[in-house]
Amino acid sequence: MKLQSIIFIVAFLLFLNVLCVATTYLIFPGYLDHGEPGMALISWRLLNGYPAYLDLTSPTLISNVYGPLTYSSHALSFWLFGKSILSGKVISFLSAILIPVFVFFSQFNKGFKIACASALLTSAIMLYLIPFSIWTRPESLMALLAVIAVWACNASDPNKLEYGKSILIAVVASMAMGMKLHAGIYFVPVVIFHCMRGNRGLKIFFVMVLIGLSVAIFPFFFSVFPIQDFWAWIYYHINKDSPSEFLFKYFRHGLIYFSAILFYFSASRWAENTQPLAEKIYFFLFLACLIITLFPATKMGAGTYYFYPFLAILVDQIIRHLVKLKEHQMKNWCLFGVLIATLVITSIPTQKRFFKALNWGEVTAVKAEISHIMRVYQNHSIEMGFGSNIATYPRTFYRTILVMAGHPYTLDAAPAMELNMWKVPLPKKSLKMLKNCNTDIWLIPKDEEPFQMVGYYGASTLDNSFRETFLDSYEKLISFEYF
């Protein structure tokens, strides 16, 4: 069997694997990460004119620091498909399955075999990075936008200015920045390389910067995205600590991205022609941006998934240097095969843990109980709280059912953890809302002390005054199976 046929078959099988995992999570009736329900609810509330960002003194503790286009993209999904947990996952699902397809076409100008190899490597990396590559976070869509940027760069004619493709690169880069402010770092190597190819120069560069800034700033002209409140949250995130004990984990995951070094030096030694200056700068900018990304990635509450949007450039770098070799080509294809095998084999336990974490039975039962409580107390306002055990914290993710049914949304544990870690004073208006019993009924995980949970940062999720005020104002009414 020819090498091209083998690559095509394996690429197709791994793509089916990605499709299977992404589809499973799409139809799974719950969430894996505590940031997902909050992102979904703020996105859904945009359709009713509620602001995405609230003042730090607001009594409503639900804001988070994702960019306007993160919320806008998911709001579009809710508008198209209705209010449901599944609707909030559609954008990330589409991003996940389109990434290998778009990578295939971004490398198709190098031939069918190379395009298949690119898609194969992409799927292998995505499987290795589960669940980061398929869950409801902005990184998945940012990675897709980076793939589009790489395609535009590869498809452009070096002998032309290519205004259309230059504008496309600028727009997708600024859209990514509209999801997370630091996302521009994922596009720096592509933008510089695109401008240096064919000596497009500073003129194209400044046009791209001007268009990019315009697109990035545009959403803040809408009242639902108050820029002053957004920057207030950004300030605290920038000043988060970066724990040194996580550095080994980042180094281990970073080896995937630094694997491009092997192919670069292989091409430098054995390629027939010397590498153009633009390609050398493209490569070393990629490495520099990987290192710079450690700054936001190692902040408390961040993670190794911050590197995921570099996927398109990583694949482009490996393929770009792989195709240059005429001699020793089989050695490099063997090296490519070892990389693929390593990624696939190490993804197997990751995939097992992923499927095991999808507790279909309990999630379905928890959602059914929440729906039952809403029917029993249909004339009362109901809100989701949390207890003292972080193991049962996932039960509270299904506040989405309550909020989308019209119940209050004044508290979310995820941003509450952030605010208390930053020692931002609990607003007096929040305590006043509790004293006045603005919410009739709170759901607390069964047999747990209300609002006593220690968060992911090792500190209490809420200031103790919140719990004390709650206990003074409310009493336990009844217990069900889960609440």
Side-chain angles (χ1 to χ4, degrees), residues 1-28 32 86 89-137 139-151 154-155 256-257 259-260 263 305 307-320 322-323 333-355 358:
M1 187 180 291
K2 291 183 178 180
L3 179 61
Q4 177 173 296
S5 300
I6 295 172
I7 292 173
F8 170 74
I9 292 170
V10 178
F12 182 70
L13 291 174
L14 289 192
F15 174 72
L16 290 180
N17 194 169
V18 171
L19 181 62
C20 173
V21 173
T23 303
T24 300
Y25 193 57
L26 174 69
I27 62 176
F28 174 63
L32 285 181
L86 185 146
K89 298 180 182 180
V90 168
I91 296 296
S92 296
F93 167 77
L94 291 176
S95 298
I97 62 172
L98 288 176
I99 285 172
V101 176
F102 280 30
V103 167
F104 174 87
F105 287 109
S106 75
Q107 302 293 338
F108 195 74
N109 61 336
K110 298 181 179 72
F112 181 75
K113 180 174 76 174
I114 296 301
C116 289
S118 304
L120 167 59
L121 177 57
T122 300
S123 296
I125 294 171
M126 292 179 70
L127 292 172
Y128 176 81
L129 294 175
I130 287 171
F132 305 145
S133 54
I134 53 95
W135 68 4
T136 312
R137 289 271 192 166
E139 279 73 21
S140 185
L141 184 51
M142 287 156 55
L144 178 62
L145 294 174
V147 172
I148 295 171
V150 169
W151 167 82
N154 287 341
I256 307 168
Y257 301 92
S259 63
F263 294 88
Y305 57 89
F307 294 97
Y308 179 54
F310 281 117
L311 170 70
I313 299 180
L314 170 62
V315 173
D316 190 50
Q317 285 289 339
I318 291 176
I319 295 301
R320 185 176 293 276
L322 186 65
V323 299
W333 277 112
C334 289
L335 177 62
F336 182 83
V338 169
L339 176 60
I340 296 295
T342 302
L343 290 168
V344 172
I345 292 170
T346 52
S347 78
I348 292 172
T350 304
Q351 292 187 64
K352 286 182 177 179
R353 287 194 298 270
F354 167 77
F355 284 109
L358 303 180

To the nearest 0.5 Å, atom CG of Leu127 lies from atom CD1 of Ile345 at 13.0 Å
Which of Ile99, Leu121, Val21 passes side-chain contact (heavy atoms from CB on, under 4.5 Å) with Met126? It is Ile99
Distance col, row Ile125:CD1 vs Ile256:CD1, nearest 0.5 angstrom, shows 7.0 Å
CD1 (Ile114) and CG (Leu322) are apart, to the nearest 0.5 Å, by 5.5 Å
Contacts of Phe28 meeting ring-ring contact (aromatic ring centres under 6.0 Å, His included) (sequence neighbours excluded), chain-then-number -> Trp360
Closest non-hydrogen atoms of Ile318 and Ser259, given as atom of the first, atom of the second and distance, are CD1-OG, 3.9 Å
Which atom pairs, one a donor and one an acceptor, fall under 3.5 Å between side chains of residues 90-97 and the rest of the protein, sequence neighbours left out?
| from | atom 1 | to | atom 2 | distance (Å) |
| --- | --- | --- | --- | --- |
| Ser92 | OG | Trp135 | O | 3.3 |
| Ser95 | OG | Ile91 | O | 2.9 |

Sorted by chain and number, sequence neighbours left out, ring-ring contact (aromatic ring centres under 6.0 Å, His included) with Phe108 holds for Phe104
Requested in this report: Report yes if some heavy atom in the side chain of Leu129 is under 4.5 Å from a heavy atom in the side chain of Tyr305; otherwise report no.
Outcome: no
Check: Are Ser140 and Leu144 close enough, and set up right, to give a side chain to side chain contact (heavy atoms under 4.5 Å, CB included), and what steps lead you there?
Finding: CA-CA 6 Å; Ser140 185; Leu144 178 62; over 6 Å; no
Sorted by chain and residue number, the side-chain hydrogen bond (donor to acceptor under 3.5 Å, both in side chains) partners of Asn17 (sequence neighbours excluded) come out as Gln351
Distance col, row Met142:CE vs Phe310:CZ, nearest 0.5 angstrom, shows 9.5 Å
Residues at least two apart in sequence or cross-chain that pass ring-ring contact (aromatic ring centres under 6.0 Å, His included) with Phe354, listed by chain then number, are none
Are any of the side-chain heavy atoms of Val150 and Asn154 separated by less than 4.5 Å?
yes
Criterion side chain to side chain contact (heavy atoms under 4.5 Å, CB included) on Phe102 and Ile148, from CA distance to verdict:
CA-CA 7 Å; Phe102 280 30; Ile148 295 171; 3.9 Å; yes
Heavy atoms of Ala11 and Leu120 approach each other most closely as CB-CB, 3.7 Å
Just wondering, do Gln4 and Phe112 contact through their side chains at under 4.5 Å, heavy atoms? yes
Contacts satisfying side-chain hydrogen bond (donor to acceptor under 3.5 Å, both in side chains) that involve residues 113-126 (not counting sequence neighbours) are none
| query | How are the rings of Phe336 and Phe263 set to each other: parallel, tilted or perpendicular (split at 30° and 60°)? | reply | perpendicular
With sequence neighbours left out, the residues meeting side-chain hydrogen bond (donor to acceptor under 3.5 Å, both in side chains) with Gln107 are Lys110, Asp316
- Task: May I ask you to decide if the ring planes of Phe307 and Tyr257 are parallel, tilted or perpendicular, using 30° and 60° as cut-offs?
- Result: tilted
Sorted by chain and residue number, the side chain to side chain contact (heavy atoms under 4.5 Å, CB included) partners of Ala124 (sequence neighbours excluded) come out as Leu14, Ile340, Leu343, Val344
What one should report as the nearest heavy-atom pair of Thr23 and Leu19 is OG1-O, 2.7 Å
Original post:
Backbone N or O of Pro131 within a donor-acceptor pair of the Tyr25 side chain at under 3.5 Å?
Top reply: no
The reported gap from SG in Cys116 to CD1 in Ile9 (rounded to nearest 0.5 angstrom) is 10.5 Å
Test item: Val338 and Cys334 side chains (from C-beta on) under 4.5 Å apart, heavy atoms: no
Hits for side-chain hydrogen bond (donor to acceptor under 3.5 Å, both in side chains) against Thr136, two or more places apart or cross-chain, chain-then-number order -> Glu36
The ring-ring contact (aromatic ring centres under 6.0 Å, His included) partners of Phe15 (sequence neighbours excluded) come to none
**Asked** Does the side chain to side chain contact (heavy atoms under 4.5 Å, CB included) test come out yes or no for Leu32 and Leu358, once each step is laid out?
**Response** CA-CA 8 Å; Leu32 285 181; Leu358 303 180; 3.9 Å; yes
